[in-house]
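Shown next, in structure tokens, is the structure this report addresses.
Atoms within each ligand, like the ligands themselves, are counted from 1 in listed order. All figures in this text were calculated on a predicted structure; none of them were measured in a lab. Sequential numbering from 1 along the given sequence is applied to the chain's residues.
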Amino acid sequence: MSPDFPRTLAIFCKVVDNYGDIGICWRLARQFHAEHGIAVTLWVDDLASFRRIWPQVDTAAELQNIDGVTVRHWAGQDGQFGPADIPDLVIEFFGVDIPPGYIEAMAQREPRPVWINYEGLSAEEWVEGCHRLPSMHPRLKLIKHFFFPGFNEKTGGLLRERGLVEDCARFQEDAAAMAAFLGRFGVREEEMAALKVSLFCYPHAPVSELFDVWAQGAMKVSCLVPEGVAREKVEAFIGARAQAGAAATRGALTVRVIPFMPQTDYDRLLWACDVNFVRGEDSWVRAQWAARPFVWHIYPQDENLHHVKLRAFLQKYAVGAQSLVDFSLRWNDAREGQMEGLWTSLQAELPGLTRRAREWEAQMLANGDLVSNLLDFARSLST
Ligand SMILES: Cc1cn([C@H]2C[C@H](O)[C@@H](COP(=O)(O)OP(=O)(O)O[C@H]3O[C@@H](C)[C@H](O)[C@@H](O)[C@H]3O)O2)c(=O)[nH]c1=O
């Protein structure tokens, strides 16, 4: 096992939907390079989605270098690969089909690369049994291993860059920095005292019902919604096109449409808000590192399979926080219930949820960071 392994790495990312696929792959790529000095090539099939979370991306470039990472537009290239093109470590994201010619070249390379299938995050128990499992290629002398992120030491842990928790804590202790950051989006001085909420969810979330409850409530709420999120419901509330800069106040609620921002700024948004509504996978993880209360809108699956995944997480996370369980199930259409009562209970429990968020963060820190864990595993497999 060599500590210098790997020197080179390729990540294959197919954007299935939205921004989570490229969001996670980009974090991985940057961290492998910046913290471990690895030469990373990121193959991605959708540069337009990438650009949305990272404005430096040139959507017309077949090949570009961004922050030291080689980014290649993955557009059906095949048949052009030889063993010399293959890096020490190959990561396929969520089981994407790597080009067959690339796999042939992997099999011809000496030594063979370590091949990892990076899987989705879930708190379900079966994950622990599948983490690190090998899968033989049916024809070639190649073994692929499954690598699962997760919430305990039997999994790969969570993605976390070096210094992330410290940067977040420093920012959260600096009221002026937070006010200046939110001020960029038009949040006024007097709004800083309101309950600041960021809202990122899928279009089917019961946003209008929650807006009604907030508008009629006693507590002032300032809700920041990145452009494009829950567009129709946001437009219904503000009575205008939901473009960045649009805002409206009704009763106790102000809704502000803010730009869809670069990934690093989105992190800051989560750090600056009192409660975060997040979705999918990457923003869900970032909300956990923000150490503030959050509500997760899970990516929907057929036959409501996602409800199982949602409950598995809530069982681990929402310890002693029934209001969060109830609210989350309602938010995800896994139960019925009056939004007003559900929100009132959740609101009353926010101080306890803040403590729980910090406790959870400490628990997650103990699992190490995913990139280091993945590298340890890859080294143990290298010959
Ligand atoms: C709101 C916002 C998000 N982002 C980033 C944060 C994340 O990296 C990314 C959003 O990704 P997610 O939170 O995962 O939600 P998502 O719904 O966008 O992404 C996904 O969910 C996965 C579970 C599925 O596999 C994917 O197919 C995909 O649907 O966008 C910004 O950079 N700026 C913003 O303003």
Side-chain angles (χ1 to χ4, degrees), residues 11-31 42 44-57 66-67 92-96 117-124 127 148-150 158-161 164 181-182 184-185 197-205 207 223-231 234 242-245 256-273 276-290 294-302 305-307 309-310 312-313 331-332 370:
I11 301 173
F12 281 86
C13 174
K14 196 171 163 56
V15 175
V16 176
D17 205 3
N18 308 322
Y19 313 105
D21 308 293
I22 185 58
I24 295 168
C25 288
W26 180 231
R27 286 193 200 283
L28 284 170
R30 278 197 296 147
Q31 196 181 345
L42 172 61
V44 54
D45 67 341
D46 180 351
L47 292 170
S49 295
F50 191 1
R51 190 181 156 82
R52 198 100 200 277
I53 62 159
W54 208 260
Q56 289 94 314
V57 172
I66 311 174
D67 287 4
E92 60 177 42
F93 186 74
F94 285 11
V96 294
N117 177 4
Y118 184 106
E119 282 290 345
L121 175 62
S122 172
E124 291 161 288
V127 164
F148 283 81
L158 298 177
L159 255 180
R160 170 173 52 82
E161 299 85 2
L164 176 72
F181 177 78
L182 294 176
R184 277 169 48 190
F185 308 116
V197 180
S198 76
L199 180 65
F200 187 37
C201 60
Y202 297 110
H204 59 279
V207 170
C223 178
L224 305 173
V225 196
E227 198 172 77
V229 175
R231 186 185 292 281
V234 170
Q243 55 196 34
R256 287 189 180 282
V257 182
I258 61 178
F260 199 95
M261 58 196 76
Q263 215 179 31
T264 34
D265 277 347
Y266 181 66
D267 277 348
R268 288 201 146 63
L269 178 71
L270 298 177
W271 302 349
C273 287
N276 293 302
F277 284 70
V278 288
R279 75 183 199 189
E281 179 164 327
D282 191 51
S283 57
W284 174 39
V285 172
R286 303 314 276 190
Q288 294 171 54
W289 292 129
F294 68 89
V295 175
W296 178 34
H297 203 210
I298 187 168
Y299 188 75
Q301 285 173 283
D302 289 342
L305 276 178
H306 58 292
H307 288 165
K309 192 170 153 184
L310 171 69
F313 177 69
W331 187 247
N332 284 281
L370 182 142

**OP:** Indicate yes or no for a side-chain donor-acceptor contact from H306 to the backbone of Y299 under 3.5 Å, with no hydrogens or angles considered.
**Re:** no

**OP:** Check salt bridge (charged side-chain N to carboxylate O under 4.0 Å, His left out) between E124 and all other residues, then give those that pass, not counting sequence neighbours.
**Re:** none

**OP:** Tell me, please, which residues at least two apart from F260 pass side chain to side chain contact (heavy atoms under 4.5 Å, CB included).
**Re:** Y19, R52, I53, F200, P226

Original post:
Taking the side chain from H307 and the backbone from N332, do they hold a donor-acceptor pair closer than 3.5 Å?
Top reply: yes

Original post:
Who pairs with E92 by side chain to side chain donor-acceptor pair (under 3.5 Å), at least two apart in sequence or on another chain?
Top reply: W115, K144

Original post:
Can you tell me how far the CZ atom of R256 sits from the CG atom of L199, to the nearest 0.5 Å?
Top reply: 15.0 Å

Give one line per pair: atom of ligand 1, protein atom, distance. Only N/O to N/O under 3.5 Å.
residue  : atom   : partner : partner atom : Å
ligand 1 : 8 (O)  : Q263    : NE2          : 3.0
ligand 1 : 8 (O)  : D282    : OD2          : 2.5
ligand 1 : 11 (O) : G20     : N            : 3.3
ligand 1 : 13 (O) : R279    : O            : 3.0
ligand 1 : 13 (O) : S283    : N            : 2.8
ligand 1 : 13 (O) : S283    : OG           : 2.6
ligand 1 : 14 (O) : E281    : N            : 2.8
ligand 1 : 14 (O) : D282    : N            : 2.8
ligand 1 : 17 (O) : N18     : ND2          : 3.3
ligand 1 : 17 (O) : Y202    : OH           : 2.6
ligand 1 : 17 (O) : R279    : NE           : 2.9
ligand 1 : 17 (O) : R279    : NH2          : 3.4
ligand 1 : 18 (O) : Y19     : N            : 3.1
ligand 1 : 18 (O) : R279    : NH2          : 3.0
ligand 1 : 19 (O) : G20     : N            : 2.8
ligand 1 : 27 (O) : D17     : O            : 3.3
ligand 1 : 27 (O) : D21     : OD2          : 3.0
ligand 1 : 29 (O) : D17     : O            : 3.2
ligand 1 : 29 (O) : N18     : ND2          : 3.1
ligand 1 : 32 (O) : M261    : O            : 3.2
ligand 1 : 32 (O) : Q263    : N            : 3.4
ligand 1 : 33 (N) : M261    : O            : 2.6
ligand 1 : 35 (O) : M261    : N            : 2.9

